[in-house]
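Indexing begins at 1, ligand by ligand and atom by atom, following the structure's order. What you see is a predicted model; the values in this text were computed from it and never measured.
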Amino acid sequence: MSLVYLKRKISPRVVNGHPWIFNNEVEKTEGNPAPGAIVEVFTHDKKFVGKGYYNSQSQIQVRLLTRDKRAEINEAWFLARIQECWKYRQQLGYTENCRLVFGEADSLPQLIIDKFNDYFVIQTLALGIDVWKPALVKALETVFSPKGIYERNDVPVRELEGLPQHKGFLSAPFDTKIMINENGFRFHVDIENGQKTGYFLDQQDNRRAIQHIVKGADVLGAFTYTGTFEIHAACYGAKSVLGLDISANAVEQARRNAALNGVQDICHFEAANAFDVLKQWGKEGRLYDVVMLDPPAFTKSRETIQKAITGYKEINLRGIKLIKPGGFLVTSSCTNLVNPDLFLQIIEMAAKDARRKIRQVTFQKQASDHPIIWGMENTEYLKFLIVQVQ
Ligand code: SAH
């Protein structure tokens with residue numbers, strides 16, 4: 001096995017448990033490892049650090065899979081990891097749908113596996129994990145006997161690893177338009193053409209948090225995608241619900257989901273740019289009891305973080321203006337670049353600009369099948385806040 005030695009002076013990050021080793025942290029490599037190969041990593045004074053996968057083409061040269069010197073990275077090792085991941089989700093009460101593998105937080109860097117009951121969607125976002133796809137499929141077959149496994153590797157970040165974008169079946173072909181249960185409601189999920197893996201499981205616990213505040217309420221939801229929050233609101237007893245998304249496709253699916261749950265008469269959806277429409281309705285003096293916002297990330301890099309701050313501030317300002325005194329704002333942010341403190345500051349600024357007082361009702365993160373590792377920023381990304389607006 002090839003060996004990678006770290007420089008004397010590296011950030012304490014690696015020793016403290018972070019699995020990434022950047023090019024400029026490597027002193028020398030012995031054995032000429034092939035891209036994707038498993039290597040052993042040592043400190044400059046030859047102390048064992050861990051084993052991980054190597055890619056000279058990537059800025060992150062090694063991603064560690066284990067700190068156990070005796071561990072052999074092979075099919076059996078991946079099977080054991082998948083079993084552990086499933087055990088953890090079961091311990092937390094997830095039975096049907098969950099993020100089974102959440103990359104770095106499950107010591108399986110750059111691997112995402114979403115479980116939609118009997119169907120599985122995989123993303124392998126680095127070469128060193130991509131080469132283990134057959135082992136991962138075998139492990140899923142052993143543990144779950146799935147009805148289908150699908151690969152959603154149509155993700156640009158793979159190109160940084162020299163990997164093509166691709167999607168397709170990893171099992172015998174099946175109908176990729178499936179149905180799931182969540183919190184007692186039903187949703188169509190398009191795992192082939194939906195966003196990301198087809199469905200945002202990370203909000204599944206947060207969707208329950210709106211249960212009481214939406215009773216008898218007029219609710220506006222923006223960035224609705226397939227209508228999940230809005231349909232929850234309708235099923236939890238809202239008087240009226242309107243959901244907006246810029247994608248006509250998403251709106252179409254949201255309408256189907258409303259019908260599936262028998263709430264099509266109170267839950268409507270329109271294709272619209274939320275920034276424009278909320279501004280316009282604010283001018284017209286429209287008011288709602290509850291406004292729910294779940295916008296996209298606005299930026300993917302730290303250099304353009306100001307874009308995200310401006311976006312969140314603007315949309316929340318426009319949302320707050322539409323809330324009746326005593327009503328509620330339900331607002332999310334899904335990028336790790338905006339940390340929880342910064343997110344709260346942005347909401348505070350928006351409320352100030354709207355000249356409204358707010359008080360925090362609840363502040364949550366992503367669902368607990370997406371565990372957070374302290375010090376590993378990319379594992380803590382979703383913020384979900386409810387405030388009452390006076
Ligand atoms: N709330 C959803 C996830 C939302 S993802 C859920 O829980 O499933 C963000 C959504 O915002 C996407 O569906 C995208 O189409 C939509 N979007 C992006 N920009 C928009 C805009 N300017 N106006 C309205 N929708 C927008």
Open item on the list: For Asp205, give me all partners under side chain to side chain contact (heavy atoms under 4.5 Å, CB included), at least two apart in sequence or on another chain.
Closed with: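 Only Tyr94, Arg208, Ala367, Ser368 meet the side chain to side chain contact (heavy atoms under 4.5 Å, CB included) criterion with Asp205.
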Open item on the list: My understanding is that only residues two or more places apart in sequence, or in another chain, count here; which of them pass side chain to side chain contact (heavy atoms under 4.5 Å, CB included) with Lys177?
Closed with: Asp175, Asp190
Task: Single-linkage hydrophobic cluster, 4.5 Å side-chain cutoff, Val291 and Val277 together - done: yes
Task: Residues in salt bridge (charged side-chain N to carboxylate O under 4.0 Å, His left out) contact with Glu30, at least two apart in sequence or another chain - done: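 Result, salt bridge (charged side-chain N to carboxylate O under 4.0 Å, His left out) vs Glu30: Lys28.
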Task: Worked verdict on Leu111 versus Leu136 for side chain to side chain contact (heavy atoms under 4.5 Å, CB included) - done: CA-CA 10 Å; Leu111 175 65; Leu136 292 162; 3.7 Å; yes
Open item on the list: As a test of reading the model: which residues have a non-hydrogen atom less than 4.0 Å away from ligand 1?
Closed with: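 Within the 4.0 Å shell of ligand 1, which is judged on heavy atoms, sit Gln195, Phe200, Arg207, Phe223, Thr224, Tyr225, Thr228, Phe229, Asp245, Ile246, Ser247, Ala272, Asn273, Ala274, Phe275, Asp294, Pro296.
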- [ ] Evaluate the ring planes of Phe229 and Phe384, with Trp represented by its six-membered ring, and classify them as parallel (under 30°), tilted (30 to 60°) or perpendicular (over 60°).
- [x] parallel
